[in-house]
Enquirer: 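Take this structure first; my questions come after.
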Amino acid sequence: MPKYVFVTGGVVSGLGKGVLAASLGCLLQARGVKVTLQKIDPYINVDAGTMNPYEHGEVFVTRDGLETDLDIGHYERFLGQDLGEANYLTTGRVYRDVIARERVGDYLGHTVQVIPHITDEIKRRIRGAAEATGADVVGVEVGGTVGDIEGLPYLEAIRQLRDELPRPDVAVVHLSYVPILSTTSELKTKPTQHSVKELRTAGIQPDFIVARCPVELPNGLRDKIALFCDVPREHVIAGRDLSTIYGVPLAMRAEGLDTKLLARLDLAAGEEDLTAWKEFVGRLERPARTVRIGIVGKYVELRDAYLSILEALHHAGAALAARVDVGWIPSAVVERERERALAGFAGILIPGGFGERGVEGKVFAADYARRAGMPYFGICLGMQVAAIAFAREALGWEKANSAEFDPTTPYPVIDLLPEQGGVTAKGGTMRLGEYAMEIVPGSRLHQMYGVTEVGERHRHRYEFNPLFREAFTAAGLRPCAVSPDGRLVEAVEALDHPWYVGVQYHPEFRSRPLTPHPLFLGFVQACLS
Ligand code: GLN
């Protein structure tokens with residue numbers, strides 16, 4: 001029978017529940033337990049695809065094409081597994097299914113209610129994660145903080161599961177915060193007490209409390225939290241601020257959380273093997289050199305909007321014993337200051353994006369990097385602006401553009417292909433998820449991947465226009481990967497350039513700490529030399 005570990009959060013959001021859940025998964029997996037993780041997002045959106053990355057951080061795309069919250073990205077990176085449909089649930093998805101069933105008459109005349117119908121559907125999906133993956137332990141992170149109105153049905157579902165299943169099969173880990181009062185430098189446990197009280201109001205007594213704290217948690221405070229929150233003292237776990245999120249599994253290991261959790265779940269497991277992970281963290285913390293890479297984007301003020309790209313750069317940097325120091329360059333600044341905004345960087349990366357704002361700054365940056373022989377990595381929109389820049393500057397098509405930004409351009413080098421045309425609904429209508437592609441033998445891309453066939457994840461509506469393929473190739477920006485039917489251009493590279501690559505897909509979603517993505521490795525390597 002599978003076991004369930006719920007991770008709830010209290011006091012404030014942003015304490016790192018996702019990283020804690022991912023770290024628990026990483027630790028149990030390192031001890032030979034078959035683990036999966038599930039994220040519950042209590043908002044009404046059906047998926048994260050329509051949400052503004054400004055407000056909510058990046059939209060992470062799974063292999064099976066689901067647009068999810070960035071925590072799924074943490075899970076994939078910490079577990080080294082591809083996740084999907086079964087690992088993500090939102091209130092929108094739950095209600096959508098219940099309402100669809102009500103419409104076809106499945107409830108046989110009953111009043112359809114939050115309890116039991118919505119809570120049954122939530123429990124069905126939680127158990128579904130175990131069924132779909134065959135995991136022995138399912139870690140379930142409940143988004144938001146306890147006490148949020150949206151979260152109540154989920155807490156109720158967890159309470160019911162605790163009653164229905166044998167005691168060793170369900171555990172609750174509550175992440176809380178112990179702040180320091182700046183005036184008296186005192187650590188305070190009262191917010192933790194209140195958030196546990198809130199959890200108990202929902203009928204749930206936590207088994208573990210992870211107390212996130214800016215400094216070392218004094219023993220006296222451990223005792224106090226144990227007493228006031230009614231958990232054994234050794235189940236109060238200190239969660240100190242760390243320099244890297246990848247240190248969290250090691251810190252939780254040092255606190256013995258994995259062993260204590262296994263005991264609570266009555267689960268036998270082997271000794272953990274974290275050798276490779278420790279080496280990776282060591283390389284992250286003690287780099288031999290530093291390389292400065294500029295990211296030009298619309299949302300640069302908010303790092304979470306580009307989370308997977310940052311992580312992918314750090315994975316590649318660690319493998320090359322280098323710290324990647326990212327400089328954020330708002331595209332508006334490039335529009336104003338031109339090349340001055342790009343000075344001092346070893347390479348430029350332009351990430352994905354939507355909408356016209358800031359595009360001209362990106363086109364300039366892509367063109368500048370090509371002319372200056374500066375390593376350039378264009379991802380999705382970053383590839384599209386490279387194509388626009390090349391059409392204007394190298395092919396002399398002054399008005400070249402993407403149909404997304406100028407529907408009447410005479411040179412729509414990026415365009416909607418017929419199968420995408422006519423789609424007006426916003427949710428889930430893009431080209432999403434993993435698609436196979438074929439890499440041109442002998443290309444730079446081929447050198448980096450080492451193979452000619454690979455699958456990568458997509459999230460876009462527009463494509464490189466096949467009409468202009470030959471002109472581009474002849475002038476030196478050649479398509480170096482195409483869809484298996486040969487129709488879609490998936491990547492381009494500049495021929496007379498040290499490292500100039502644009503990809504229509506999102507390689508960042510496949511980078512893992514211990515297996516960095518080959519293109520990120522290639523790019524960071526090029527920036528280092
Ligand atoms: N806006 C572009 C498109 O829809 C690029 C999308 C992206 O960068 N993810 O094709």
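Remember, it's 1-based here, ligands and their atoms both numbered in the order they're listed. The figures here come from the full heavy-atom set of this structure, side chains too, leaving out hydrogens, waters and symmetry mates.
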Enquirer: Before accepting this row, confirm whether a basic side-chain N of the pair Glu121/Arg101 lies closer than 4.0 Å to the acidic partner's carboxylate O.
Expert: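 A salt bridge links Glu121 with Arg101.
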
Enquirer: Determine the interplanar angle of the Trp499 and Phe523 rings, folded into 0 to 90°, and report it as parallel if under 30°, tilted if 30 to 60°, perpendicular if over 60°.
Expert: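 The rings of Trp499 and Phe523 sit tilted, inter-plane angle from 30° to 60°.
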
Enquirer: For atom 9 (N) of ligand 1, grab the closest protein heavy atom and report residue, atom and distance to one decimal in Å.
Expert: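 Looking only at protein heavy atoms, the one closest to atom 9 (N) of ligand 1 is Arg459 O, 2.8 Å.
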
Enquirer: What's the shortest distance from atom 10 (O) of ligand 1 to any protein heavy atom, and which residue and atom give it?
Expert: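 Ranked first by proximity to atom 10 (O) of ligand 1 is Tyr462 N, 2.8 Å.
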
Enquirer: Output yes when Arg127 and Glu131 qualify as a salt bridge under the 4.0 Å nitrogen-oxygen rule, no when they do not.
Expert: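 Answer for the salt bridge query: no.
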
Enquirer: Evaluate the ring planes of His74 and Phe78, with Trp represented by its six-membered ring, and classify them as parallel (under 30°), tilted (30 to 60°) or perpendicular (over 60°).
Expert: perpendicular

Enquirer: Taking both backbone and side-chain atoms of Met430, is any N or O found less than 3.5 Å from an N or O belonging to ligand 1?
Expert: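 No, there is no polar N/O contact under 3.5 Å.
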
Enquirer: Out of all atoms in ligand 1, which are within 4.0 Å of some heavy atom of Glu404? Include the element for each.
Expert: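 That gives atoms 1 (N), 2 (C), 3 (C) of ligand 1.
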
Enquirer: Run the numbers for me: atoms of ligand 1, each under 4.0 Å from some heavy atom of Gly353, listed by number.
Expert: 1 (N), 2 (C), 5 (C), 6 (C), 7 (C), 8 (O)

Enquirer: Using a 3.5 Å distance criterion without hydrogens, assess whether the side chain of Thr68 forms a donor-acceptor pair with backbone atoms of Phe60.
Expert: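 Looks like yes, one N/O pair under 3.5 Å.
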
Enquirer: What is the closest protein heavy atom to atom 7 (C) of ligand 1, and at what distance does it sit?
Expert: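 Answer for atom 7 (C) of ligand 1: Cys380 SG, 3.0 Å.
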
Enquirer: Considering only non-hydrogen protein atoms, determine which one is nearest to atom 3 (C) of ligand 1 and report residue, atom name and distance to 0.1 Å.
Expert: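 Residue, atom and distance for the closest contact: Arg461 N, 3.5 Å.
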
Enquirer: Which of the atoms in ligand 1, numbered in the order shown and given with their element, are less than 4.0 Å from a heavy-atom of His506?
Expert: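 The list of qualifying atoms is 9 (N).
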
Enquirer: Just to verify, which of Arg431, His458, Gln504, Arg487 counts as forming a side chain to side chain donor-acceptor pair (under 3.5 Å) with Glu463?
Expert: Arg431

Enquirer: Do any nitrogen or oxygen atoms of Gln384 lie less than 3.5 angstrom from nitrogen or oxygen atoms of ligand 1?
Expert: yes

Enquirer: Is there a donor-acceptor pair closer than 3.5 Å between any side-chain N or O of Thr90 and the backbone N or O of Val46?
Expert: yes

